[in-house]
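Proteins come first, then strands; the chains are lettered A, B, ... in the order of their sequence lines, and each starts at number 1.
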Number of protein chains: 2
Amino acid sequence: MTITEVSEKYGISVDTLRYYEKAGIIPRVTRNKSGIRNYQEEDLQWVQLAIWMRRAGLPIDALAKYVKLNLAGEETLPQRIELLKTQRLELERQRQEIDEAMTILNRKIKKYEEVLKNNT
Amino acid sequence: MTITEVSEKYGISVDTLRYYEKAGIIPRVTRNKSGIRNYQEEDLQWVQLAIWMRRAGLPIDALAKYVKLNLAGEETLPQRIELLKTQRLELERQRQEIDEAMTILNRKIKKYEEVLKNNT
DNA sequence: GTAATCCCTGAAGTGTACTCCATGTCAACA
DNA sequence: TGTTGACATGGAGTACACTTCAGGGATTAC
């Protein structure tokens, strides 16, 4: 699969795909002899993971560290677990912030709509 | 209340407080004759709102627009409602991204922990 | 064989949200 | 009255995550 096809498949620019690879959140993609990327199934799985995690807001450097640990082999399993748990905690915290903000937003919207109704 | 006190109360730097005011996500704070900020109850409510919304990830420009509409008076109620609803939608989207990422994270953590257990 | 098309890289540029810094004012205390 | 310390402003600097650009190679279409 070419970089353009991958880009279309996942709705992400080719520049970003190259950037993710350079940043290390996608391991070096399979290439042909002239250096052109030819994404294999495994490459695509990394792409998918990177996109999911980035959308949720996980930072590039944490993801890069995770990828590095993966490439380093089995003995990094404990560190990987710890890293993932840390990130999970961050996501939980972030979700809570969102829930709190949502509560305020809902309260305000409701209040405004009532004022609007009573002014009619 | 001085800017330093507000900073300590909300755990946010004085620079950020000034920045928020300049950026328009907090209306001009009450000042004494020599121009020094003296936060009143109403100012504090704006500070609180700004901090909550920023923590959830609402962008500065959307918040600034909201503040501007507020200062413009009652007739902007419909626009305010629309703005808040748009932001609520964004938060919902973001929460969903987080939930999806969390599912993946949990799956991976579980898998790693099982491998680790079986390797013992 | 040459023009068009797609891909490559390294480096510079952009947007967002702060954060830091230089310089200056003002009130209060020694 | 001089010095200290909190606060003010405008502007430069920083971090992060892309995004754009300049300059080149390789393949395909004619």
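When each of A:Ile12, A:Leu63, A:Asp15 is paired with A:Tyr20, the side-chain contact (heavy atoms from CB on, under 4.5 Å) condition holds for A:Ile12 and for no other.
Between B:Arg18 and the phosphate of D:dA6, there is no side-chain N or O to OP1/OP2 separation shorter than 4.0 Å. Considering only side-chain N and O atoms, A:Tyr20 lies nowhere under 4.0 angstrom from the phosphate OP1 or OP2 of D:dA17. A sub-4.0 Å separation between OP1 or OP2 of C:dA17 and a side-chain N or O of B:Thr16 is absent. The phosphate of C:dC18 has neither OP1 nor OP2 within less than 4.0 Å of any side-chain N or O from B:Ser13. Within the structure, every side-chain polar atom (N or O) of B:Ser34 is placed at least 4.0 Å from both OP1 and OP2 of D:dA8.
Comparing A:Leu58 and B:Arg31 by the nucleotide of DNA chain D that holds the closest heavy atom to each, the one mapping nearer the 5' end is B:Arg31. Between B:Gly57 and A:Val14, the residue anchored nearer the 5' end of DNA chain C, judged by the nucleotide with its closest heavy atom, is A:Val14.
In this structure, A:Gln79 places its CD atom where more than 12 heavy-atom neighbours from other residues, nucleotides or ligands lie under 6.0 Å away.
Counted by atom type alone, A:Arg31 and A:Asn38 present zero donor-acceptor pairs between their side chains at under 3.5 Å.
When heavy atoms are screened at a 4.0 angstrom cut-off, A:Arg37 is found touching the sugar-phosphate backbone but no base atom.
Interatomic distance, B:Ile25 CD1 to B:Leu58 CG, rounded to the nearest 0.5 Å: 9.5 Å.
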